[in-house]
Amino acid sequence: MFLYTLTLQRATGIVCATYGNFTGGKMQEIVVARGKVLDLLRPDDNGKLQTLLSVEIFGAVRSLAQFRLTGSQKDYIVVGSDSGRIVILEYNKEKNLFEKVHQETFGKSGCRRIVPGQYLAVDPKGRAVMIGACEKQKLVYVLNRDNAARLTISSPLEAHKSHTIVYSITGVDCGFDNPIFAAIELDYSEADQDSTGQAANEAQKHLTFYELDLGLNHVVRKWTEPIDNGANMLVTVPGGGDGPSGVLVCAENFVIYKNQNQPDVRAVIPRRQDLPPHRGVLIVSAATHKLKALFFFLLQTEYGDVFKVTLDYEKDSDQVTELKIKYFDTIPVTSAMCVLKSGFLFAASEFGNHALYQFQSIGEDPEVESSSLTLVETEEGYQPIFFMPRKLKNLVQIDDVESLMPIMDMKVANLFEEETPQIFSLCGRGPRSSLRILRPGLAVTEMAVSQLPGVPSAVWTVKKHANDEFDAYIVVSFVNATLVLSIGETVEEVSNSGFLDTTPSLAISLLGDDSLMQVHPSGIRHIRADGRINEWKTPGKKTIVKVGFNWMQVAIALSGGELIYFEMDMSGQLMEIEKRDMTGDVACLDIAPVPEGRQRSRFLAVGSYDSTIRILSLDPDDCMQILSVQAVSSPPESLLLLEVQASTGGEDGADHPASVFLNAGLQNGVLLRTEVDMVTGQLSDTRTRFLGLRAPKLFSALVRGRRAMLCLSSRPWLGYIHQGHFLLTPLSYETLEYAASFSSDQCAEGVVAVARDALRVFTIERLGETFNQTVVPLRYTPRKFILHPKQKSLIILESDQGAFTTEERDTNKREVIEAACAHRNGRTEEDEEMADGENEDPLPDEQYGYPKAEPNKWASCIRVLDPKTSTTTCLLELQENEAAFSLCAVNFHDNKELGSLIAVGTAKDLQFMPKKEASGGFIHIYRLADEGKLELVHKTPVDGVPTALCQFQGRLLVGVGQVLRIYDLGKRKLLRKCENKNFPNTIIAIHTYGDRIYVGDIQESFHYVKYRRDENQLYTFADDSCPRWLTASLHIDFDTMAGADKFGNVYVMRLPQDVSEEIEDDPTGGKIKWEQGRLNGAPNKVEEIIQFHVGEVVTSLQRASLIPGGGESVLYGTIMGSVGALLPFSSREDVDFFSHLEMHLRQDNPPLCGCDHMAFRSAYFPVKDVIDGDLCEQYPTLTSELQRKIADDLDRTPGEILKKLEDIRNRII
Amino acid sequence: MQASDRFNINSQLEHLQAKYVGTGHADVNRFEWAVNIQRDSYASYIGHAPLLSFFAVAENESIGRVRYTFMQKMLLPCGKPPDRDQED
């Protein structure tokens, strides 16, 4: 078996981010690292965040920094990854790609303890960069420019200190003096030697300044001083005339200003009132905002509160006198914050959706919560300061960027009976958890729907003048009339447009610069700008049946199969040029738009009912001569010639030559895309795709200023170009009859369409996304869910550690707010108003998070959700510190009258630290009654945590720690029937097939177990030879299991055929019973047949087909919020082709950040029989020379390779 | 040191041990070995963002807090070192 893997939805979580002027313009962009993907984002004029570029780097990005050489206009990006190399990137605006400017190797690859890459710090003046590891190693590179103003990088200078753990490094702003880097260091050498533990207790963190002496080209430890032992992060303070220089040391509960020759200035971070006293407050992300005259810092705590930190200092001596901390706002906890000059705050959430905020104010109110001057030290330490979070005051959210991170569980099913199945995924954590229903396709925003007097057959939009920005009319055709609507402030019917309204229309268009054309069955009406009307009438009793046109040329087909070709002459008259009799009726016509700088388009495409498509010439020399013929499988319904520029740029900056594709929608629902030779008109290289049950009708539309294609079949599709790829994606919208592009000042790039008796205007957003989402909010971190087979409802388990149950939370909240209100009495009116506002919606949990409780306190619930209406029909909150972890649907064979029951495994008083233990567990059995209510049948105590449940032959299989047990249903509780205690650690997954049981252990992969009914015994007869920390499992066939482990690997293992047969043909059972184990395990070992490193923790595996009638693939969802697929190859030829393509791409297109592709995919185990589609799909982004070179080596043309790539993608989605 | 010493196996090992923290030697004891493994593991967890998120979800803490806890644990990952005198 060979698999082709493809990421369908790239990771949506963000690990780190940096911002700057990467395009070199005024605009600021954001570069975010999503684990193994590097994205360039920019907020557009409407405040929507757009992705300009997204590159997969086949490695782990751990840190990002940005710097600018003095006097330059453009910023560079430094990437610290696991490649053992420092990489400097520059964004090339013209080609829309990252260019690798420098790549310097300094150590081994991998995320190792002493190999730098974890931390990056740049000198604020862009003269040097420091790259550090968790321990010991720090390297400094000097950045400079050569005579040609190119960036140069020096050889590394070492600033190592052994036996030292580094928490954070940053560049110190000291103007144009020698660059200085600051680091938080902790020396462990003594602690490792001292057996009394005293040295460890006394271990002291130090703040160390490293100075790079540019003259001597040497790094020295300049200054080191003990700091607070809770220190975890450093923030650069502006210096060199803009501020006092130095650093802010963020420590647990404190922010401390530190600099050489200055006393510490310390202020305490305000705490939330409901925080347990033993918990500290840690700063997890920081942003600096620097203007000419002022600067401030935004620091976010681990609970989401953002504080504004300002420094008061004496301008002449740079002595800092006061450090003030003011509560700013509370937003979900971020992994990075970026304050843009345009007044936006980009908050990259660590889990859940990211957000773009706009600043309303910068919290200039002089009243502050905490200051270094008001710090009170008592015998117990510094006195804490409390505050109450409030609603957003300084920030307004203007955009929401969807993120699936973390996907906790995922299932694919067609519960809505749509054409393609839906992906149900449990996402998010705590109060921001949600169930997201993903559908392949683009999301559509509906702008307007209006009812029409009849059922329309067609719709067009038309401008009054070629230079107009917006459309002037919407023209709707009915069976016997035409309705003209003018577009202005409102859309209303007009009668003075010159269009004939007593007849249906076949086409409406702008002709030339400013005249309009209406084609109706009995003629062509040409409306000149000055109001003159020329009418061309059909000869005899013939009627016009089909029209093809652009703004200079018109071709009509008369009934009986006569083609007449018109062209506009110099005087603006529509002149008949040529006629041709086709042998039968014409099914469809199309003329491509007039190419720029030409007078006419050269080709007319004609589809006939005899299932052929012909290309006719429109050149005056050989007008209406047939250039080429294509026979197709079914009569064509609609044709569209579309220019596709498949790649973005060539090596010399020149674009790839665009190729013209003839798109044909056939009556059997297939879309054909055939390349048309621009010179000869020959057709070649056909790609087919089944779109739906109805014949696709093709229309052109505008997407990001380029011509794109709308295909209307049983659902609408959009064919467009996104980052160099031609994508054909379904739209999540209802069936449409006819469509036209639409542009007005409310909606620049929209579509107007008719469906039944309504006119619809919509826009298409979030281009490039594979899935669109419907979100249903949940209460706690979702753990697992099942689809109830009969009722088509979802049963979801949610549990949160260290959280209060809803009841407790409500009481606490009420108390706190009452206290706060009482406290505010006698304050100013403004405060009163604020308090009033709070009473309405005290503090939404999605934003503020749940209050923290003791780590061994759990809140958990079982939810029954009807996905069709997104309503929760039943929500059971578990009591007495129980938390639900496993569930399954089970039919007990002895109690058939009860029907399908739900078994839920819960743990009581579970804690992980210092040791994982629970005071017990329970198995709840529920019956799903009518209206989706859960009724408890009974509850059985067990001696551990039931972490896995599964139905097995009308009984219940339970994994409790190391024990696998079979239960049967009793009257009062479950009854033990049989058990096997010999599993290595904790059973976390059970699958069954026949009498074979597949048990997944948390640490040691799968065990194959056989149940012998006659002996009532469970025998483990095979297991894996590798220890695998299983996170997801999927049963594939009788002998085969797929699994994923904690380190980001996906693998498939199979029991050898002979072993499998031996086990099955063992009538006495003696063999299986007495066979000795091997290698501390079962007597037989399974074989690994597939191995692949995804690079993100895979949390769920599913087998599904996402396209109607397509083959099944394995889908996976990861903790970073990405969704991918593994598709089995169907032919050996494809395997050869793709493995060669992959090999060439590995050689000629090494990953961007210096990683090695093969090493990445084999990070833990060597990759086996998997071809990386993500790498193969980088082929279109190569330069055309390189594309040709690879294609030559493969004995193909680049077009054929692109077609292959497209084909295989179309087999998955 | 003689020129030839540079190439003998012991000095090469010493060089490796100096350069790469955690390189073992013949007399490594159980504690030292465990400490190295633990520190390497924590560094790996911190470096691999998806793993760190995985832990953060499990512990219901923010990623920043989990990272900090792991860094703190690198100081004394296996508890107090054994008493040297007793071991001998």
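So that the names make sense, note that chain A is the first sequence line, chain B the second, and so on, each numbered from 1.
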Answer with side chain, backbone, both or neither: which region of A:V115 has an atom nearer than 4.5 Å to a non-hydrogen atom of chain B? neither

Salt bridge check: are A:E302 and B:R67 linked by an N-O gap of less than 4.0 Å? no

Could B:R39 and A:Y188 be counted as a cation-pi pair, given that NZ or CZ must be under 6.0 Å from the ring centre and within 45° of the axis? yes

Is the NZ or CZ atom of A:K1046 positioned over B:F55's six-membered ring, under 6.0 angstrom from the centre and within 45° of the axis? no

Within a strict 4.5 Å, meaning less than it, do heavy atoms of the A:Q118 and B:I46 side chains meet? yes

Given the rule in the side chain to side chain contact (heavy atoms under 4.5 Å, CB included) test, do A:T196 and B:K80 qualify, once you have shown the distances and angles that lead to the verdict? CA-CA 7 Å; A:T196 60; B:K80 290 177 205 163; 6.0 Å; no

Beyond-backbone contact of B:E59 with A:M913, side-chain heavy atoms, under 4.5 angstrom: yes

B:Y20 vs A:K108 side-chain heavy atoms within contact, under 4.5 Å: yes

Checking the side chain of B:Y68 only, and the main-chain atoms of A:G230 only, is there a donor and an acceptor separated by less than 3.5 Å? yes

Can you find a side-chain donor-acceptor pair between A:E135 and B:Y42 that sits under 3.5 Å? no

Would you give the length of the straight line joining atom CD of B:Q72 to atom CD1 of A:I165, rounded to the nearest 0.5 angstrom? 8.0 Å

Any non-hydrogen side-chain atom of A:V284 less than 4.5 Å from a side-chain atom of B:I63? no

Would a 4.5 Å heavy-atom cut-off, applied to side chains only, mark B:S53 and A:E350 as touching? no

With the side chain counted from C-beta on, respond yes when B:E61 and A:K852 share a heavy-atom pair under 4.5 Å apart, and no when they do not. yes

